[in-house]
Number of protein chains: 2
Amino acid sequence: MAKAQSKRELILDIAEASVLSKGFGGTSIDEIISAADITKSGFFYHFRDKNQLARALLQRYLDTENAILDDIFDRARDLHGDPLHSFLIGLKLFAELMEDLPNGHPGCLVATVAYSERMFDQEVRDLNRQAILTWRERFLGVLKEIAAIYPPRDDVDLMTVADMITGTVEGGIVLSRAVGETAVLPQQIVLLRSYIRLLFSPAL
Amino acid sequence: MAKAQSKRELILDIAEASVLSKGFGGTSIDEIISAADITKSGFFYHFRDKNQLARALLQRYLDTENAILDDIFDRARDLHGDPLHSFLIGLKLFAELMEDLPNGHPGCLVATVAYSERMFDQEVRDLNRQAILTWRERFLGVLKEIAAIYPPRDDVDLMTVADMITGTVEGGIVLSRAVGETAVLPQQIVLLRSYIRLLFSPAL
DNA sequence: TGACCACTGTACCGGCGGTCAAGTCGCGGG
DNA sequence: CCCGCGACTTGACCGCCGGTACAGTGGTCA
């Protein structure tokens with residue numbers, strides 16, 4: 001967790017950690033404010049209500065996650081010109097990043113929102129939906145480039161393959177947390193990489 | 001949702017639906033008891049506290065899910081003697097079952113628990129962990145049978161492949177819910193089937 | 001007949017989400 | 001130099017929620 005430069009950021013840091021370990025409904029404002037050493041009125045100065053907190057939390061989370069993905073796959077692009085090989089390198093870098101997290105991945109707020117949808121207003125749910133669609137488009141673009149050069153060995157829908165990238169991460173996080181083994185998530189990403197390679201490689 | 005034969009089962013039915021749409025922390029006992037038309041004392045007659053409700057909820061969920069998996073893969077066994085083909089049929093049956101759910105998959109309680117772990121006692125967390133390990137063993141057994149006949153085309157760890165089955169379902173549910181498209185989960189299972197086929201088929 | 005099961009009724013506690021009005025303190029600009 | 005503004009604090013209050021305690025009640029079965 002990064003050092004908070006302002007009380008507002010500190011609230012978001014504390015709230016994010018609490019939401020990921022206890023769920024949104026299980027996170028109390030009283031607990032956040034005592035950890036952040038502010039008063040209840042101080043909290044409501046920054047956020048109109050708990051829903052606005054959720055919105056800010058999710059927005060900040062998506063911005064940082066997308067920045068991380070940009071960084072990884074841009075670096076992979078620099079390392080190899082071929083779209084397939086570059087994507088495989090990107091997945092490897094991603095798996096290594098997940099492996100290097102000392103306590104495992106802290107959890108995805110998109111999954112938290114998806115599993116408590118009736119707790120949030122339409123704005124938060126739309127933001128969540130848009131996040132998945134953005135990731136779908138991101139990976140679909142790469143996969144189309146790959147498929148133009150390497151025709152897939154099986155009759156698959158590329159959009160579904162794009163969703164599989166996101167789905168593997170979401171599923172891997174659930175498994176890792178539930179079983180208490182931080183290695184599960186990186187293993188799943190490596191296995192996904194194996195599928196992508198198998199699907200597009202002309203011969204092995 | 002099946003008709004409840006007792007107030008206790010009715011409580012569990014209502015609580016399960018609420019937990020899956022609002023999270024455990026977002027589900028109030030007051031709301032459950034008014035929907036079940038009983039008093040607060042009536043609730044606490046059946047469950048000592050909210051944690052005992054969680055335990056009963058999870059146990060019942062796991063029992064029914066395992067019965068469904070038994071049924072599907074037993075039927076698939078009857079349809080084809082070869083372990084690979086039988087497993088591929090099982091995955092197809094599973095995808096079709098998910099596709100036929102009118103409002104999509106209602107959600108997995110294992111994921112809910114994993115994303116609110118600090119809300120539950122050790123007993124519930126152990127139950128959750130055991131559920132993942134049971135599924136791991138279930139699928140690992142089948143995969144070992146398959147690999148004995150069809151050597152995998154890529155150097156993969158079969159336990160990781162077994163986890164991928166569970167992970168695809170968990171990830172697919174998160175995606176389906178977040179994006180509001182019920183088709184995503186069955187599509188992901190069909191894609192997983194494509195990988196299993198590609199991984200073990202001697203030639204295409 | 002009476003014990004037990006599945007509840008109900010009533011009263012209470014402290015925590016939590018949220019609201020409201022007024023006050024404080026530092027700091028940057030006119 | 002002081003004025004205003006942003007970032008809070010103080011403190012009082014509301015109704016819902018999780019949970020406790022315990023006495024009571026109607027049906028059923030040995």
Side-chain angles (χ1 to χ4, degrees), chain A residues 3-58 60 109 112-113 116-125, chain B residues 3-58 60 109 112-113 116-125:
Chain A
K3 272 183 234 180
Q5 59 270 52
S6 70
K7 286 285 185 192
R8 192 190 139 94
E9 284 299 306
L10 179 62
I11 291 170
L12 288 173
D13 284 346
I14 293 164
E16 184 170 316
S18 177
V19 166
L20 288 173
S21 68
K22 295 193 281 191
F24 190 72
T27 296
S28 78
I29 294 175
D30 279 21
E31 163 203 352
I32 295 169
I33 65 175
S34 82
D37 200 36
I38 51 162
T39 60
K40 195 175 259 195
S41 304
F43 174 89
F44 285 105
Y45 171 78
H46 290 292
F47 306 99
R48 198 182 331 119
D49 53 26
K50 232 183 154 185
N51 232 305
Q52 283 302 106
L53 171 69
R55 202 184 153 284
L57 224 41
L58 186 57
R60 193 183 70 146
L109 281 180
T112 308
V113 172
S116 328
E117 36 172 18
R118 293 275 153 229
M119 293 281 287
F120 304 103
D121 59 24
Q122 197 58 46
E123 205 180 351
V124 173
R125 297 204 295 257
Chain B
K3 273 183 230 177
Q5 60 272 51
S6 69
K7 286 284 186 191
R8 191 190 141 93
E9 285 299 306
L10 179 61
I11 291 169
L12 289 172
D13 285 345
I14 293 164
E16 184 170 317
S18 177
V19 166
L20 288 172
S21 68
K22 295 194 280 191
F24 191 73
T27 296
S28 80
I29 294 174
D30 279 22
E31 162 203 352
I32 295 169
I33 66 175
S34 81
D37 200 34
I38 52 163
T39 60
K40 196 176 256 196
S41 307
F43 175 88
F44 285 106
Y45 171 77
H46 290 292
F47 306 99
R48 198 183 331 120
D49 53 27
K50 233 184 156 188
N51 233 306
Q52 283 302 107
L53 171 68
R55 200 184 154 285
L57 225 41
L58 186 56
R60 192 183 70 146
L109 281 180
T112 308
V113 172
S116 329
E117 37 172 18
R118 294 274 153 230
M119 292 284 285
F120 305 104
D121 59 24
Q122 198 57 47
E123 206 179 352
V124 173
R125 298 205 292 259

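Reminder, nothing fancy here: chain letters follow the sequence lines and each chain counts from 1. This structure is a prediction, so every number in the text was calculated from the model and none was measured.
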For the backbone of [Y] and the side chain of [X], can you confirm whether one donor and one acceptor N or O come within less than 3.5 Å of each other?
X: A:Lys7; Y: A:Ala36; value: yes
X: B:Glu31; Y: B:Ser28; value: yes
X: B:Asp13; Y: B:Glu16; value: no

Would you call A:Arg55-A:Asp49 a salt bridge at under 4.0 Å N-O?
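No.
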Summarise how protein sits on nucleotides 8-20 of chain D as a single string, 5' to 3': B when a protein heavy atom is under 4.0 Å from the base, S for sugar-phosphate-only contact, - for no contact.
BBBB-----SBBB
Report the residues that fulfil ring-ring contact (aromatic ring centres under 6.0 Å, His included) with B:Phe44, sequence neighbours left out, ordered by chain and then residue number.
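Once residues adjacent in sequence are excluded, B:Phe44 has no partner under the ring-ring contact (aromatic ring centres under 6.0 Å, His included) criterion.
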Distance from A:Phe24 atom CZ to A:Leu58 atom CG, nearest 0.5 Å?
10.5 Å
Search all heavy atoms of A:Arg60 against all heavy atoms of A:Glu9 and return the closest pair with its distance.
NH1-OE1, 3.0 Å
For DNA chain C, which nucleotides open and close the run of contacts to chain B, 5' to 3', at under 4.0 angstrom from a non-hydrogen atom?
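Here the contact window of chain B covers C:dC5 to C:dT10.
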